[in-house]
Each structure stands twice: as C-alpha cells, then as structure tokens.
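Structure, as structure tokens:
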Amino acid sequence: MPPDLPLPTPRAITLDLDDTLWPVRPVIRRAEAALRAWLARHAPATARCSR
C-alpha cells in the first residue's frame with residue numbers, strides 16, 4: 001500500500017482461544033485472579049456472589 005493512502009479502519013477483532021498462536025490459559029487465569037482481587041477490594045458483595 002502506498003504511504004499516501006489512508007489505512008483502513010479495522011471492522012473486527014478476533015481472538016484465538018485454542019492455543020494455536022499462544023498459550024492463552026495462563027493469561028486467562030491471571031486475568032480472572034486480577035478481577036477477583038479487584039472485586040474483593042471494590043465490590044466485596046459482588047465478589048462473594050461470584051464464587
């Protein structure tokens with residue numbers, strides 16, 4: 001693509017959750033732990049309900 005043309009705007013983002021591109025399970029576990037910790041600090045009633 002010539003540099004003077006505008007780049008197209010992305011219309012979709014896809015996620016690959018079957019470990020084809022990278023091991024996603026450890027990332028999801030860390031994200032869930034971070035969410036649980038945040039909920040425990042900022043919304044303890046919600047944290048108790050999500051168990």
Side-chain angles (χ1 to χ4, degrees):
M1 184 180 288
D4 57 340
L5 294 179
L7 295 175
T9 302
R11 295 189 61 186
I13 296 174
T14 63
L15 302 174
D16 179 11
L17 298 177
D18 66 354
D19 293 343
T20 302
L21 300 176
W22 49 280
V24 71
R25 191 175 318 259
V27 175
I28 290 174
R29 285 187 180 139
R30 286 193 305 270
E32 288 176 346
L35 175 59
R36 282 192 299 274
W38 188 93
L39 285 173
R41 281 192 306 275
H42 300 283
T46 300
R48 285 190 300 273
C49 292
S50 66
R51 291 179 184 243

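Scope of the values below: all heavy atoms of this structure, side chains included, with no hydrogens, waters or symmetry mates. Computed from a predicted structure; not experimentally measured.
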**Q.** Nearest heavy atoms of Val24 and Asp19, plus distance in Å
**A.** N-OD1, 2.8 Å

Q | Remaining members of hydrophobic cluster (4.5 Å side-chain criterion), Ile13 | A | none

Q: Tell me whether Leu35 is reachable from Ile28 by hopping between hydrophobic residues (I, L, V, M, F, W, Y) whose side-chain heavy atoms are closer than 4.5 Å.
A: no

Q: Quick one: pull up CG in Asp18 and CG in Leu21 and give me the separation to the nearest 0.5 Å.
A: 8.0 Å

